[in-house]
Every structure is written in structure tokens, then in C-alpha cells.
*Asks:* 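Sharing a structure with you now.
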There are 2 protein chains.
Amino acid sequence: MRSALELGLCALLVSLDGDVPMFAVLDEPGSGRPPRLPSDRLDIDGDETLELAVRRQVTAHLGIDVGYVEQLYTFGDRDRDPRTAHGWPRVVSVAYLGLVRGTPTLTPGARWAPLYSHLPWEDAREGVSVLAMQAHGACAGSGLGAGPRSRVGADGHGLEERAAISFPMAPGKWDEYRVLERYELLYELGLAAESGGAGDYGPPLALDHRRILASGLGRLRGKLRYRPVVFEFLEETFTLFQLQRVVEAIAGVRLHKQNFRRLVERGGLVEATGGVDRSTGGRPAACFRFRPEVRFERQAPGISIPRGG
Amino acid sequence: MRSALELGLCALLVSLDGDVPMFAVLDEPGSGRPPRLPSDRLDIDGDETLELAVRRQVTAHLGIDVGYVEQLYTFGDRDRDPRTAHGWPRVVSVAYLGLVRGTPTLTPGARWAPLYSHLPWEDAREGVSVLAMQAHGACAGSGLGAGPRSRVGADGHGLEERAAISFPMAPGKWDEYRVLERYELLYELGLAAESGGAGDYGPPLALDHRRILASGLGRLRGKLRYRPVVFEFLEETFTLFQLQRVVEAIAGVRLHKQNFRRLVERGGLVEATGGVDRSTGGRPAACFRFRPEVRFERQAPGISIPRGG
DNA sequence: GAAGATGATGCTCACATCGAGCACAAGGGA
DNA sequence: TCCCTTGTGCTCGATGTGAGCATCATCTTC
């Protein structure tokens with residue numbers, strides 16, 4: 001019997017509800033299965049490009065159009081779908097990241113889920129989470145350290161050493177970009193629900209979709225630095241503090257208000273509209289809009305992240 | 001008739017011959033076709049993961065083993081292989097980047113080709129090349145500027161504006177990371193041989209393989225910053241100037257010797273072996289070796305690139 | 001053996017960037 | 001009015017970066 005191959009496309013759509021990052025999932029009520037990312041097969045004849053295929057599928061599955069889209073990663077492990085071992089075709093999936101403004105209503109069966117509920121250790125806005133501390137400890141205490149019994153990761157590091165980088169104990173050492181590394185470490189340690197973990201490291205998603213979620217969050221955080229992606233989440237005009245809240249939500253880190261302000265203004269990313277927003281509580285805030293021209297003036301028109309609250 | 005799908009894997013193997021970056025190509029002598037990157041189908045039953053599939057293929061096609069491997073991008077446009085329009089299966093290719101130390105002998109039919117011969121404008125070690133200047137000029141003079149007739153890229157920019165970022169005229173503004181952007185700009189302008197160009201912008205490769213080459217070079221340059229990938233190209237021990245030559249070769253830019261030295265030593269990336277190399281001509285150079293432990297000490301154990309010669 | 005060439009190495013200086021904090025401005029509510 | 005809240009401007013020191021001068025240790029040449 002000749003095995004079959006299928007090319008899947010998988011969409012991670014991220015949006016923002018206030019300062020809560022969300023992503024679109026599909027439920028299968030009553031099945032007891034975890035939620036999954038919207039995904040479907042490539043239409044070999046119809047879909048001109050992979051990106052267009054994703055856009056088509058998003059419209060079909062969720063009933064919305066998506067603006068910014070970029071390719072994330074292609075997942076093709078033979079055992080990524082357990083059914084493949086039982087005669088199902090092997091599914092290679094190309095994952096895409098898309099950004100959506102606001103949280104528009106989705107087709108029934110689909111909903112926006114809070115992103116950090118599935119990656120709870122990634123939200124370090126109120127300080128590096130207890131979970132992250134536990135993860136560090138679980139590593140060191142797992143007896144899987146640098147000794148001869150230790151399992152060794154792709155880089156040839158012991159788990160304990162990898163934990164020291166991924167889940168640093170020293171305050172201020174938290175690296176918000178190592179999202180995928182952290183998830184994979186938890187997975188290998190058997191702490192993630194997908195790998196048999198009973199600990200409270202967040203509810204699982206179907207198949208390897210939580211890995212895709214981690215990839216996407218890492219990519220998005222990295223992208224902040226050198227592309228003006230934040231504005232995909234914001235309205236036409238906004239206050240600098242709203243902008244800051246969005247960056248903080250994505251980066252999962254608190255920022256220093258005055259420095260953030262300095263950075264954004266110096267970079268020429270935004271220009272004042274002249275209007276003010278009185279709904280802030282204290283002194284009215286000046287309104288700004290994004291300046292598309294920055295892209296021709298600066299090499300990295302993103303928001304490099306000034307640490308500290 | 002139901003159309004068929006094929007999953008291809010494509011390997012971009014980069015190595016270094018002295019200070020000349022090379023990559024592995026396969027020739028089809030007598031066919032008149034341009035050289036191509038080693039690529040092959042996924043073995044649906046045999047290949048456990050995509051990465052292992054690439055390793056298997058590299059061994060089969062080139063007769064060598066490869067150390068560092070990472071996924072680059074997945075190419076799936078319907079028209080990427082012109083044969084698809086004539087009944088051939090649609091081929092979606094996952095491209096991988098691999099790094100090889102030295103230039104080991106390859107299987108007959110394969111050879112190492114100088115990377116910059118196919119992307120000549122990317123080697124700015126002797127100053128930003130005349131080609132890059134021409135490219136800038138070709139854009140501005142193409143009548144495809146910001147006017148109503150202008151074609152518009154993915155970001156919504158006119159070609160002229162994109163040229164200003166990709167091929168900057170101001171000295172010191174050259175951004176060595178925008179490799180892919182530059183190639184795509186030349187492609188869209190019809191200057192690349194693949195898009196009908198007669199200008200001397202380097203010989204083409206098969207299909208979209210030059211795009212893959214550009215992706216890979218861009219990724220490699222980016223990776224230098226935050227991962228110690230340079231050492232994949234170096235012997236066990238080396239002098240700091242040899243290290244610098246390797247970084248320069250990849251980045252395509254000349255560096256300031258003393259600052260490079262300061263950076264590498266301060267970063268703790270290397271440690272002195274105590275030995276010296278007398279073959280340099282002048283004062284003997286101290287020999288160094290890579291310190292694998294940096295990965296646990298520094299967040300970004302790479303070589304950020306200090307400009308200027 | 002001395003002079004000069006060549007490349008390695010150490011150091012300084014000006015300047016930009018960044019983290020952190022003080023102080024004040026401009027509004028609202030008690 | 002006082003006080004609380006948020007926005008905004010500015011300063012200061014620590015650190016990083018681009019650029020250049022000076023010296024050192026070897027080889028080559030005269």
C-alpha cells in the first residue's frame with residue numbers, strides 16, 4: 001500500500017482584546033478534543049500561492065478577512081498526527097501567522113481564545129510568573145541534569161543548562177523572545193499536557209498546535225523590533241500609552257513609560273494628530289497616528305523594547 | 001483529471017573556501033539548463049522528519065554529511081515550476097539551510113559554486129558594488145516610480161521607494177540583511193535573468209533557486225548576530241583575524257579590526273589556547289578556540305557586526 | 001645587525017543609546 | 001481647595017559603538 005501525502009495550511013490569527021492577546025480557535029463541542037487552529041488542505045488547482053490559500057481558508061472558516069500574513073514554519077514530523085500511524089495520510093502543514101485588528105465576530109464554532117491561557121508562563125507583565133520559576137526548579141530537580149543520565153537537546157545541551165537560559169532565575173534576565181525554546185523544554189520535560197504533564201502549564205491544543213502558537217508568539221515578538229507590526233492592532237489614532245499597552249501585551253513585559261515615549265517619538269514612527277483623548281482619567285493624552293513614511297527613513301522601523309517598569 | 005501534489009525538500013549548503021562563500025549545486029551538463037540546488041521528494045514512509053529527510057538527501061546527492069541544519073522557508077506558488085502548467089504535479093518545496101566546514105569533495109555532478117557569483121551585488125566588502133548603484137538607478141529611471149503607473153509591492157510601496165531602502169545611495173546605509181528584498185526587487189524590475197533581465201546581475205539558477213539562495217544568505221547573516229554559527233566554518237583553533245575574515249565573508253562587509261576584537265573578547269565567545277600562529281606575516285597572532293559555555297552565559301551569543309573598515 | 005614592512009594588540013575619545021528616576025503639567029473628584 | 005491620576009519633559013550615569021593613534025613582535029631587506 002502506497003502512503004498518501006497531504007499538504008495542510010494552518011492559520012494562527014492573533015488579535016488583541018484590550019490588553020489581552022487573543023487567537024482564533026475552532027472547537028469540536030462534545031468530542032472532548034482540545035481546540036485546534038483553523039487549518040485545511042491546499043487546493044492544488046485553485047490556490048495560486050500558499051498565502052492566498054491561507055487567506056481563502058480564513059475567510060471560509062472564520063468569516064473574516066485578515067490583513068498582515070506571514071509564513072511561520074512547516075511542520076512535517078511523521079508522528080505529528082497520531083492517526084498517520086493507522087493508515088491516514090501523512091500531513092505536512094505550513095503554518096502562517098496573521099494579525100487582526102480588534103476581535104470581530106467569528107463564524108459559529110470558532111472563537112477568540114486568550115493566548116496566554118495556553119502559554120501562561122509567557123505573560124511576565126506582572127513579573128516573571130511563578131510557573132516559570134517552577135519550570136526552572138522542575139528542571140534542576142528532575143534528576144535530568146548534566147549527569148550521564150541526562151537527556152540532551154538538539155544543541156547538545158543538558159536540560160538543566162537549557163533551563164538556565166530559557167527560564168532564568170535572575171530578575172531582568174527574562175528573554176521574551178525565547179518562546180519556542182521554553183515550550184519545547186517543557187514539552188521534553190513531560191510537563192506540557194501534550195507530553196503527559198499533569199502540572200498546570202496551560203490547557204493543550206490539538207496535535208502540535210501549541211507549538212505553532214509558541215512559534216508564532218516568538219516570531220511576533222521578534223518582529224516588533226524591526227517592523228511596525230504593532231499598528232496592525234491599533235486604530236487609526238491612538239495615545240502613546242495605548243501603543244505602549246499593545247507592545248506590552250505582545251511582548252509580555254512591562255515597559256518604562258518615559259523611555260518608551262522617547263523611543264517612539266525619536267524614531268519618528270508616529271506623528272501627533274493634534275487631538276487629545278480625555279478619557280484617560282488624568283491629564284488628557286495627545287493623539288498620534290502612524291507615519292508610513294518611516295519605512296523609507298529608518299532601517300529598522302520597529303519598536304525596540306526598553307525594559308523595566 | 002485530478003492534479004497531483006509533491007513535497008520537495010531543497011538544500012542550500014553553504015561553506016567557505018578561504019574568504020569565498022560557496023554553495024553546493026548540481027549540474028546537468030549538456031542540457032543547457034542552469035545549475036540547481038540539490039533537492040528531492042520527501043519519502044513519506046521512510047523520512048521520520050523533514051530535517052532527517054534533508055540530511056539523507058544531502059548524503060545521497062553530494063556524498064557528505066552536514067552538521068548544522070535549519071529550515072528556511074516553504075515555496076509553493078503554483079507557477080514556480082513551469083512544468084506544472086503542463087500536467088506535472090505541483091511541487092511544494094521546503095528549503096533548508098545547512099552549513100559545512102571547508103569544501104569537501106562532492107559526488108560527480110555536484111560542485112561548490114561561489115555564492116556571490118550568483119548574487120554579485122551582495123558582496124560589499126570592497127565597498128557597495130557598482131551593480132547596487134546601477135540597481136538603484138535602474139529603479140529611479142524605470143518610470144515605475146511613485147506615479148500612478150507604478151507597480152506596488154507587498155508592503156504597498158512603490159518600486160522607487162523600495163529601491164531607496166534596499167539599495168541605498170548614502171554610504172554607510174547599506175543594510176546587509178535585506179538580501180531577499182534586494183533580489184525580489186531586481187526580479188520584479190525584470191533585471192534578474194529569471195525575469196528576463198539581460199543585465200549582468202549574475203547567472204540564474206533553476207526554478208526559484210536563486211530566491212532560496214537569497215533567503216538563505218539573509219537568514220545566515222541575521223543568525224550571525226545571535227547564534228555562534230560562524231564557528232561552523234572554522235577549525236578547532238583560529239586567530240581573531242581569521243574569525244573576522246569569516247564574518248566579513250558571510251556579512252559581505254568589511255569590519256573594523258580593533259572593534260571586532262574588542263567585541264569578540266568582551267563577549268567571552270572565545271578563549272585563548274596559548275598557542276600562536278606565525279604564518280601571518282607580521283607579529284604572531286594568538287590562537288583562540290570557541291567557548292561553548294557562552295550559550296549559558298549570554299542571551300545572544302552571536303557576533304554583532306561592528307561597521308567600518 | 002639595523003631599517004623598514006606587516007600585521008597584532010592595547011588604549012583613548014567622542015558620541016549615541018539605554019535604564020532609571022525626578023519634576024512638573026493638566027485634568028478629575030472629594 | 002486639596003489630592004489623586006495620568007501625561008510629558010528633562011537629567012544623569014552606565015554602557016555600547018565608531019573611529020583612530022600608538023605600540024609591539026615578528027619577518028624581510030639592505
Side-chain angles (χ1 to χ4, degrees), chain A residues 19 170-176 224-226 237-245 247-248 251 253-288 298-300 302-309, chain B residues 19 170-176 225-226 237-245 247-248 251 253-288 298-309:
Chain A
D19 62 354
K173 284 280 183 185
W174 180 258
D175 183 349
E176 65 268 20
L224 280 186
R225 277 189 288 199
Y226 57 98
T237 76
F238 45 83
T239 71
L240 290 185
F241 195 54
Q242 284 169 351
L243 176 59
Q244 181 179 344
R245 283 287 179 237
V247 174
E248 288 177 334
V253 172
R254 281 264 170 266
L255 308 180
H256 184 283
K257 196 192 247 186
Q258 297 93 316
N259 290 347
F260 179 80
R261 186 183 187 75
R262 173 174 63 185
L263 214 65
V264 172
E265 288 192 298
R266 180 174 50 77
L269 278 166
V270 298
E271 62 190 358
T273 65
V276 291
D277 182 348
R278 303 187 166 278
S279 68
T280 53
R283 171 176 171 176
C287 285
F288 290 82
R298 282 175 61 91
Q299 285 196 3
I303 295 187
S304 66
I305 296 182
R307 301 313 197 78
Chain B
D19 62 354
K173 283 281 183 184
W174 179 258
D175 183 348
E176 64 268 19
R225 279 189 285 200
Y226 57 98
T237 75
F238 46 83
T239 70
L240 291 186
F241 196 53
Q242 284 168 352
L243 176 60
Q244 181 179 343
R245 284 287 179 238
V247 174
E248 288 177 335
V253 171
R254 281 263 169 266
L255 308 180
H256 184 284
K257 195 192 245 185
Q258 296 93 316
N259 290 347
F260 179 81
R261 186 183 187 76
R262 173 174 62 186
L263 213 66
V264 172
E265 288 192 298
R266 180 173 50 78
L269 277 166
V270 298
E271 63 190 358
T273 65
V276 291
D277 181 347
R278 302 186 167 278
S279 67
T280 52
R283 172 175 174 174
C287 284
F288 290 81
R298 282 174 60 91
Q299 286 195 4
I303 294 186
S304 65
I305 296 183
R307 302 312 196 77

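Throughout, a chain's letter reflects where its sequence line sits, starting with A, and its residues are numbered from 1.
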*Asks:* Return no unless some side-chain N or O of A:Arg278 is found under 4.0 Å from OP1 or OP2 of D:dT6.
*Replies:* no

*Asks:* A:His256 NE2 to C:dT17 P: how many Å, rounded?
*Replies:* 18 Å

*Asks:* Within this structure, what is the CZ-to-P distance between A:Arg225 and C:dT17, rounded to whole angstrom?
*Replies:* 17 Å

*Asks:* From CD of A:Gln244 over to C1' of D:dT6, roughly how many Å is that when rounded to an integer?
*Replies:* 12 Å

*Asks:* Can you measure from CZ (A:Arg245) to OG1 (A:Thr239) and round to the nearest 0.5 angstrom?
*Replies:* 10.0 Å

*Asks:* Measure the CD-CG distance between A:Glu248 and A:Leu243 for me, rounded to the nearest 0.5 Å.
*Replies:* 10.0 Å

*Asks:* Nearest 0.5 Å, what's the CG-NE2 distance between A:Leu263 and A:His256?
*Replies:* 12.0 Å

*Asks:* Quick one: CZ on B:Phe260 to CG on B:Leu240, what's the gap to the nearest 0.5 Å?
*Replies:* 7.0 Å

*Asks:* Could you check how far CG of A:Asp277 sits from C1' of C:dG28, rounded to whole Å?
*Replies:* 14 Å

*Asks:* Which sits closer to the 5' end of DNA chain C, A:Arg266 or A:Gly282, going by the nucleotide each is nearest to?
*Replies:* A:Arg266

*Asks:* Which pairs, protein N/O on one side and nucleotides 8-15 of chain D N/O on the other, fall under 3.5 Å?
*Replies:*
from  : atom 1 : to       : atom 2 : distance (Å)
D:dT8 : OP1    : A:Ala286 : N      : 2.9
D:dT8 : OP2    : A:Arg261 : NH1    : 2.9
D:dT8 : OP2    : A:Arg261 : NH2    : 3.1
D:dT8 : O5'    : A:Arg261 : NH2    : 2.9
D:dG9 : O6     : A:Gln258 : NE2    : 3.4

*Asks:* Please report, rounded to the nearest Å, how far the P atom of C:dG19 is from the CG atom of A:Leu255.
*Replies:* 10 Å

*Asks:* Just grab all the salt bridge (Lys or Arg N to Asp or Glu O under 4.0 Å) pairs involving residues 269-282 of chain A, residues at least two apart or on different chains.
*Replies:* A:Glu271-A:Arg289, A:Glu271-A:Arg291

*Asks:* How many angstroms lie between CG in A:Asn259 and CZ in A:Arg261, if you round to the nearest 0.5 Å?
*Replies:* 11.5 Å

*Asks:* Using whole Å, report how far NZ of A:Lys173 lies from P of C:dG19.
*Replies:* 13 Å

